[in-house]
Amino acid sequence: IDGYIASPDPTSLKAFFNWCIQNELIDRNPFQFIKAKTNKREWVLLDEEIRAIWAYDYPPYSNIVKLLFFTGLRRTEVMHLQLDGDIFRIPPEHTKNNRGHSVPATEWSKQYYEESEFNGWSKGKSRMDRETGITDYRLHDIRRTFATIHAKIGTELHVIEKLLNHQSGSISGVAAVYNHHNYLEEAKIAVANYEKHLQTILA
């Protein structure tokens with residue numbers, strides 16, 4: 001018990017005392033009215049961090065990371081990209097919401113696309129962290145950075161959500177039922193603007 005009481009995290013204490021109640025060791029939880037913390041990450045990469053990560057060149061891992069920056073996809077999705085002309089497609093069985101997804105493919109992003117399986121995620125991230133000196137972030141934070149940059153450059157929220165393949169968001173409820181527009185042309189414009197901004201960061 002002493003080890004738990006020394007913990008600075010009241011959420012852990014609350015969970016511990018709930019366990020004590022369940023096992024009939026105490027009658028009430030002294031931390032019951034303390035609001036539990038969530039472990040939400042709000043990490044958005046800074047420009048200098050983006051430059052350092054982008055400069056890392058160790059294919060195929062570094063190419064996959066660049067595709068994450070280009071597309072805003074999840075790590076599990078980018079491995080199933082299919083290039084169809086100027087469109088990257090992901091089959092529905094490989095998306096989080098089981099809906100097929102399409103994002104514009106540019107000449108710049110196509111340079112980093114290759115059809116191959118990759119399994120060295122942990123080793124690849126560890127090596128990149130050592131080489132770049134940028135640590136304490138997850139690959140999923142690139143997705144948040146992608147969305148934040150789009151918001152910064154004025155991409156409309158519903159277009160950002162389409163790029164991210166969010167099932168619910170600004171277009172939901174009745175609007176989602178009747179609005180079947182794919183916003184692909186709007187997405188192409190947004191992607192072009194995003195790449196221009198990315199070029200200024202990398203410069």
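Rounding to the nearest 0.5 Å gives a distance of 3.5 Å between OG1 of T106 and CD of E195. Taking CZ of R144 as the start and CG of L164 as the end, the distance is 11.0 Å to the nearest 0.5 Å. Here the CD-OG1 distance, from E186 to T155, works out to 11.5 Å after rounding to the nearest 0.5 Å. Taking CG of D84 as the reference point, atom CZ of R89 lies at 4.5 Å (rounded to 0.5 Å). In this structure, the separation between CH2 on W54 and CG on L202 is 6.0 Å, given to the nearest 0.5 Å. If you take CD1 on I160 and OG1 on T148, they are separated by 8.5 Å, rounding to the nearest 0.5 Å.
Under a hydrophobic-cluster definition in which Ile, Leu, Val, Met, Phe, Trp and Tyr are linked whenever side-chain heavy atoms come within less than 4.5 Å, directly or via other members, F69 and L83 are assigned to the same cluster. Using a 4.5 Å cut-off between side-chain heavy atoms of Ile, Leu, Val, Met, Phe, Trp and Tyr, with links allowed through other members, I53 and F118 fall into the same hydrophobic cluster. I50 and V44 are not part of a single hydrophobic cluster, where members link through side-chain heavy atoms under 4.5 Å apart. Cluster membership check: V65 shares its hydrophobic cluster with W121, using side-chain heavy-atom separations under 4.5 Å among Ile, Leu, Val, Met, Phe, Trp and Tyr. Note on I189: it does not cluster hydrophobically with F88, by side-chain heavy-atom contacts below 4.5 Å among ILVMFWY residues.
Shown here for S102 and I87, the closest heavy-atom pair between the two residues is CB-CG2, 3.7 Å. In terms of heavy atoms, M128 sits closest to L139 at CE-CD2, 4.5 Å.
At least one cation-pi condition fails for R127 and Y61: the charged atom is not both under 6.0 angstrom from the six-membered ring centre and inside a 45 degree cone around its axis. Annotation: cation-pi pair K110/F70 absent, no NZ/CZ under 6.0 Å from the ring centroid and within 45° of its normal.
Residue pairs meeting the salt bridge (Lys or Arg N to Asp or Glu O under 4.0 Å) criterion with at least one member in residues 47-76, sequence neighbours excluded: R74-E77.
In this structure, the side chains of Y56 and I134 stay at 4.5 Å or more apart for every pair of heavy atoms. By the 4.5 Å heavy-atom criterion applied to side chains, N165 and V103 are not counted as neighbours. The shortest side-chain heavy-atom distance between D86 and P104 does not fall under the 4.5 Å cut-off. Using a 4.5 Å heavy-atom cutoff, the side chains of I201 and I149 are in contact. V78 is listed as a side-chain neighbour of I64, based on a closest heavy-atom distance under 4.5 Å.
Side-chain atoms of N193 do not come within 3.5 Å of backbone N or O of A190 as any donor-acceptor pair.
Within 6.0 Å of CD in E115 there are 12 or fewer heavy atoms belonging to other residues, nucleotides or ligands.
Between F146 and H150, the ring-plane angle classifies as perpendicular under the 30° and 60° cut-offs.
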